[in-house]
There are 2 protein chains.
Amino acid sequence: MARKSATLDPQRLDNQICFAVYSAAHAFNRVYKPLLDRLGLTYPQYLVMLVLWERDDVPVKDIGEKLFLDSGTLTPLLKRLEAAHLVKRTRSSEDERQVLIALTPQGHALKDKARSVPQSILAASDCSVSELVAMKDEIVALRDRLNAVIGE
Amino acid sequence: MARKSATLDPQRLDNQICFAVYSAAHAFNRVYKPLLDRLGLTYPQYLVMLVLWERDDVPVKDIGEKLFLDSGTLTPLLKRLEAAHLVKRTRSSEDERQVLIALTPQGHALKDKARSVPQSILAASDCSVSELVAMKDEIVALRDRLNAVIGE
DNA sequence: CCACATTCAATTGCGAACAATTAAATGTGA
DNA sequence: TCACATTTAATTGTTCGCAATTGAATGTGG
């Protein structure tokens, strides 16, 4: 059996890009936590709000496609946002299968309060915008290749 | 109020590196799922096994430091691994506060069965090893900068 | 030696994340 | 029209992930 040097061993934790991504996601989450606490949002809830701030009055499925989440995750999350008076859930009259998610006035208003969040994250990243954009594009490309494999 | 072009608006979902990382982590998880199902492991359990395959008989805290997880996550996870006969948990006699995690023979044996996992992931990434290593190093550096901010 | 702080794991409670199933509404082909 | 498939959310059950707390063991200063 060929002996591998530690820096090349693919079975080592530190050599795995997936662990890098996994642990970076958690690190982001910890940085976001205090910022989002002030808004009364969790990070996944913040993502849903970002979607809705771009376009309102959309079915659950549309939100799910943008965030790669299913109804099992979104249904209870959206109920919590509704309980917090940030969104309203109403069944579509055109297609009774769909539930449309609309922002309440408070939900719209929260966008302004959230405006400083991205720059706080940028500061914590301690990195230039152009570097972050380049990394983001690489990671998105990787994600899309992975997602392409799943649908096979 | 200055109007921002959509490609620069920092409040847009698609412009956020954290969402790229978040969604890439989930994509990885979905690719891993069928591979790890055969081993009877979840992804976080697989990470713990990677740590233990490198070094055995370590306290819970050491595993937590490597994976950035706390006892609230690890204690139940390790109990499941023990129920699956992959690890043994024993209180240290030198320091009764610590619980040492050791691999069982089955736990050791699983390393061989898991050997093909990294190359399956590499194939799904559809990317050269050198590109992945470069990305991994960038992401780890970002993660470490984020974690540095948290401890302030 | 003793009061006190610190360390470590376990526990509790809440919010994701996802697989699998269910139920209702809608679409489709014969 | 009617049987059947498809679509959409909701539901159930399991596993993370983390904050906050608890309790036991260990370390420290006086």
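Model, not experiment: these values are computed from the prediction. So that the names make sense, note that chain A is the first sequence line, chain B the second, and so on, each numbered from 1.
Between A:Leu77 and A:Glu94, the residue anchored nearer the 5' end of DNA chain C, judged by the nucleotide with its closest heavy atom, is A:Leu77.
Atoms CG (A:Leu69) and P (C:dC18) sit 6 Å apart, rounded to a whole Å. Atom-to-atom, CD1 of A:Ile63 to C1' of C:dA17 comes out at 16 Å; the value is rounded to the nearest Å. D:dC16 atom C1' lies 17 Å from atom CZ of B:Phe68, rounded to whole Å. Atom CZ of A:Phe28 is separated from atom P of C:dA16 by 19 Å (rounded to the nearest Å).
DNA chain C lies under 4.0 Å from no heavy atom of any residue of residues 37-58 of chain B.
Between B:Tyr43 and A:Tyr22, the ring centre distance stays below 6.0 Å.
Base-pairing analysis of DNA chain C finds the following stems of at least three consecutive Watson-Crick or G-U pairs, with both pairing distances under 3.5 Å: C:1-30 with D:1-30.
Under the 4.5 Å side-chain criterion, counting only non-hydrogen atoms from C-beta, A:Val99 is not in contact with A:Pro59. In this structure, the side chains of A:Leu41 and A:Val48 stay at 4.5 Å or more apart for every pair of heavy atoms.
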Could you run down the sub-3.5 Å N/O contacts of the protein with nucleotides 8-10 of chain C?
{"residue": "C:dC8", "atom": "OP2", "partner": "B:Lys61", "partner atom": "NZ", "Å": "3.2"}
{"residue": "C:dA9", "atom": "OP1", "partner": "B:Val60", "partner atom": "N", "Å": "3.1"}
{"residue": "C:dA9", "atom": "OP1", "partner": "B:Val99", "partner atom": "N", "Å": "3.4"}
{"residue": "C:dA9", "atom": "OP2", "partner": "B:Lys61", "partner atom": "N", "Å": "2.8"}
{"residue": "C:dA10", "atom": "OP1", "partner": "B:Arg89", "partner atom": "NH1", "Å": "2.8"}
{"residue": "C:dA10", "atom": "OP2", "partner": "B:Thr75", "partner atom": "OG1", "Å": "2.8"}
{"residue": "C:dA10", "atom": "N7", "partner": "B:Ser71", "partner atom": "OG", "Å": "2.7"}

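A sub-4.0 Å separation between OP1 or OP2 of C:dA16 and a side-chain N or O of B:Tyr22 is absent.
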